[in-house]
Peer 1: 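Submitted below is the structure of interest, expressed as structure tokens.
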2 protein chains.
Amino acid sequence: MTVTTSRQRGEYAKTAARRQEILSAAVEVFSTSGFTSGSLRDVAERVGLSQAGVLHHFPSKTHLLEAVLAWRDEESRLRMDSDHIEGLELLRALVDLVAYNQSTPELVELYATLSAEATSPDHPVHDYFVQRYATMVPWLQRSFELAAAGGQLRPDVDCGSAARQLVALMDGLQVQWLLDRTSVDMAVEVRRYIRSLLTVDL
Amino acid sequence: MTVTTSRQRGEYAKTAARRQEILSAAVEVFSTSGFTSGSLRDVAERVGLSQAGVLHHFPSKTHLLEAVLAWRDEESRLRMDSDHIEGLELLRALVDLVAYNQSTPELVELYATLSAEATSPDHPVHDYFVQRYATMVPWLQRSFELAAAGGQLRPDVDCGSAARQLVALMDGLQVQWLLDRTSVDMAVEVRRYIRSLLTVDL
DNA sequence: GTCTATATACTGATAGAC
DNA sequence: GTCTATCAGTATATAGAC
């Protein structure tokens, strides 16, 4: 907790709320049009500001995108409680997160669109996505290894490969789900894949 | 075979060659920048034409993209010989195609970028990708069903789910591979996944 | 904190000369 | 078949008034 004067409380809260409005609008715009094609004017319209008004809160378009990614990562981290669980429990939480994501199609679309866009080395958030996968794959691999140590994993499973495939499966399912949400249930497929690797129920 | 005069042969060949040059340049541009952000001027520069010159051969930017997709689909179809094989043989050919794709990173990037972009319902090639997956999944499903009928598939495998997961896996691996080609071998992972479903070697 | 106005640049497509 | 010139639209970012 930090001490705040009443004047600070009032003004900062208003600014913070404004920033959050802009972030939400940016999600809508960038998820539909991608980052490069999405425009600040479009973001500004949705929050009832001018384009210059948006740039007062975020100094550039790229800064805005980075703020969106940081905000969403924090949300997912809190939702999964990923700092306190591991092994099978974490895999279960992952399936729950995928199920939850199905209620936020805009955010799913944002990451699907951005991760593809950002494969180009000069994309503004290329490094973010390189880092993201370089962290995520070993992190899941560790959970598979813990499961293996507990005798819960089929003996012929390669943990590194399983982790990489699981991430790929989740990414790929997003595209199919976005194209036709009635025919795909991402959580069901992810759960089925993980179960096929285990000797116990998930 | 069709009959051609010498005059036709000469002029048509030149035009066809030019069209092919433009298609190749378009692959480079659209794969790097996506369709919406990629520009006709950029395509034109790469083939030494003006932007208007490009539009003489393809009446609009969207027509150009559609020609690129049709050309690449035909190439893949011929390479896989997919009209004449099925079952395990087709799954083997699919792994070979994935291995071959690793020699054409630009085309991989094109499809990864486009399939994400095109999830938006108003994207110019949205319908193309909807159709693509609606065809591809049942087509792979049939190969799994043939394998099952031949006793080559593990009895607990759901063919529809396996087909969907296989397509998702291939798509998702592309993103990881594009971000870091040294750490991912798409063909190895796809082969490993398919083998995990079979009772026989692939 | 928000605005208007502006600088600068790029876009797809068309008209018409050659 | 290819060009130049141009139209009408879009973009990010900045300067400065209020």
Side-chain angles (χ1 to χ4, degrees), chain A residues 5-26 28-68 113-114 117 120 122-125, chain B residues 5 7-26 28-30 32-68 113-114 117 120 122-125:
Chain A
T5 69
S6 62
R7 181 172 172 278
Q8 281 177 331
R9 191 161 49 240
E11 300 215 343
Y12 286 5
K14 197 179 167 195
T15 294
R18 194 55 120 181
R19 277 178 62 96
Q20 189 55 51
E21 281 180 64
I22 295 172
L23 284 182
S24 297
E28 293 177 28
V29 172
F30 292 154
S31 65
T32 307
S33 310
F35 172 66
T36 315
S37 299
S39 78
L40 289 175
R41 274 190 167 79
D42 201 350
V43 173
E45 260 177 37
R46 285 167 200 253
V47 293
L49 281 181
S50 70
Q51 186 227 23
V54 169
L55 285 173
H56 168 76
H57 294 274
F58 300 92
S60 78
K61 194 188 180 190
T62 297
H63 279 89
L64 175 56
L65 175 61
E66 284 165 352
V68 167
T113 307
L114 271 185
E117 248 187 40
S120 289
D122 54 342
H123 192 281
V125 292
Chain B
T5 69
R7 182 173 170 279
Q8 281 176 330
R9 193 161 47 241
E11 301 215 340
Y12 287 7
K14 197 178 165 195
T15 294
R18 192 57 116 185
R19 278 178 61 97
Q20 190 55 52
E21 281 180 64
I22 295 171
L23 284 182
S24 297
E28 294 177 28
V29 172
F30 292 155
T32 306
S33 311
F35 172 67
T36 314
S37 299
S39 79
L40 288 176
R41 278 188 166 79
D42 199 351
V43 173
E45 261 178 36
R46 284 166 201 253
V47 292
L49 281 181
S50 70
Q51 186 226 23
V54 169
L55 285 173
H56 168 76
H57 294 275
F58 299 93
S60 77
K61 192 188 181 190
T62 298
H63 280 89
L64 175 56
L65 176 61
E66 285 165 350
V68 167
T113 307
L114 272 185
E117 247 186 41
S120 289
D122 54 342
H123 192 281
V125 291

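Excluded from the calculations below are hydrogen atoms, water molecules and symmetry mates; all remaining heavy atoms, backbone and side chain alike, are included. Naming: A, B, ... by sequence-line order, numbering from 1 per chain.
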Peer 1: Return the 5'-most residue of the pair A:S37, A:P59 with respect to DNA chain D, ranking by each residue's nearest nucleotide.
Peer 2: A:S37

Peer 1: Please give, in whole Å, the distance from C:dG12 C1' to B:L64 CG?
Peer 2: 12 Å

Peer 1: Quick one: does B:H57's side chain get under 4.5 Å of B:L64's, heavy atoms only?
Peer 2: no

Peer 1: To the nearest Å, give me how far apart NE2 (B:H57) and P (C:dT14) are.
Peer 2: 16 Å

Peer 1: Could you check how far CD1 of A:I22 sits from C1' of C:dT2, rounded to whole Å?
Peer 2: 11 Å

Peer 1: How long is the line joining CZ of B:F30 and C1' of C:dT11, in whole Å?
Peer 2: 13 Å

Peer 1: Roughly how many Å is it from CZ in B:R19 to C1' in D:dT2, rounded to a whole number?
Peer 2: 16 Å

Peer 1: Quick one: on DNA chain D, does A:S39 or A:L55 contact a more 5' nucleotide (nearest heavy atom)?
Peer 2: A:S39

Peer 1: Rounding to a whole Å, what distance do you find between A:K61:NZ and D:dT10:P?
Peer 2: 15 Å

Peer 1: Would you say the side chains of B:S120 and B:H123 form a donor-acceptor pair under 3.5 Å?
Peer 2: no

Peer 1: Using a distance-only criterion (donor-acceptor N/O pair, under 3.5 Å, no hydrogens), is the base of C:dG12 paired with the side chain of B:R41?
Peer 2: yes

Peer 1: Is the distance from OP1 or OP2 of C:dG1 to the nearest side-chain N or O of A:H56 less than 4.0 Å?
Peer 2: yes

Peer 1: Apply side-chain contact (heavy atoms from CB on, under 4.5 Å) to residues A:T113 and A:F35 and explain how you reach the verdict.
Peer 2: CA-CA 8 Å; A:T113 307; A:F35 172 66; over 6 Å; no

Peer 1: So do B:K61 and B:L65 actually touch side chain to side chain, heavy atoms under 4.5 Å?
Peer 2: no

Peer 1: Of all the heavy-atom pairs spanning A:L49 and A:V54, show the shortest one and how long it is.
Peer 2: CD1-N, 4.2 Å

Peer 1: Quick check on D:dG1: is either OP1 or OP2 less than 4.0 Å from any side-chain nitrogen or oxygen of B:T15?
Peer 2: yes

Peer 1: Counting only distance, no hydrogens or angles, is the base of D:dA11 paired donor-acceptor with the side chain of A:Q51 under 3.5 Å?
Peer 2: no

Peer 1: To the nearest Å, give me how far apart CG (A:L49) and P (C:dT2) are.
Peer 2: 5 Å

Peer 1: Provide, to the nearest angstrom, the distance between the CG atom belonging to B:L40 and the P atom belonging to C:dA13.
Peer 2: 6 Å

